[in-house]
Amino acid sequence: MLSFITVGVKRFVERPEGYETTGYVRMNFDTVIEMIKAIEGREERIEVIRRAGILSGMLAEVT
């Protein structure tokens, strides 16, 4: 499956020499969770991403 996504860029930064970028996409946890819900809806994958966000401090744990 080939996907194209349009994004806004706030600024460009220098990439360190030898930095691997093949197939690499950066986005925030909320966006990833919404994409997974829209594409496949698998709760197991969403829970893994949610837990990673919580452990990284980027998402708040919902009790």
Side-chain angles (χ1 to χ4, degrees):
M1 183 170 103
L2 184 60
S3 298
F4 295 95
I5 299 172
T6 304
V7 298
V9 177
K10 293 180 182 175
R11 66 187 173 104
F12 289 95
V13 296
E14 291 291 322
R15 187 170 25 111
E17 189 67 33
Y19 191 76
E20 175 59 47
T21 59
T22 306
Y24 184 74
V25 177
R26 290 182 59 176
M27 60 186 69
N28 64 41
F29 288 100
D30 292 321
T31 301
V32 161
I33 290 169
E34 290 304 312
M35 287 176 64
I36 293 170
K37 284 180 184 177
I39 294 169
E40 63 180 45
R42 288 184 49 203
E43 194 60 40
E44 308 87 38
R45 190 183 306 261
I46 293 168
E47 186 53 38
V48 168
I49 299 298
R50 185 174 286 124
R51 177 54 57 205
I54 292 167
L55 291 173
S56 71
M58 301 302 283
L59 284 178
E61 190 162 5
V62 179
T63 56

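Throughout, residue positions are numbered sequentially from 1 according to the sequence presented.
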(request) Could you tell me which non-hydrogen atom of F29 sits nearest to which non-hydrogen atom of S56, and how far apart they are? (result) CE1-OG, 3.5 Å

(request) Give a yes or no on whether I46 and M27 share a hydrophobic cluster (residues Ile, Leu, Val, Met, Phe, Trp, Tyr; joining criterion: side-chain heavy atoms under 4.5 Å apart). (result) yes

(message) Would you say M35 ends up clustered with I49 if hydrophobic residues are merged whenever their side chains have heavy atoms under 4.5 Å apart, either directly or through other cluster members?
(response) yes

(request) Hey, could you give me the CD1/CD distance between I54 and E47, rounded to the nearest 0.5 Å? (result) 7.0 Å

(request) Apply side-chain contact (heavy atoms from CB on, under 4.5 Å) to M58 and N28, showing your working. (result) CA-CA 8 Å; M58 301 302 283; N28 64 41; over 6 Å; no

(message) I'd like to know if R51 pairs up with E61 as an ion pair, taking the criterion as any Lys NZ or Arg NE/NH1/NH2 lying under 4.0 Å from an Asp or Glu carboxylate oxygen.
(response) yes

(message) Among L55, I33, D30, exactly one meets side chain to side chain contact (heavy atoms under 4.5 Å, CB included) together with R50. Which residue is that?
(response) I33

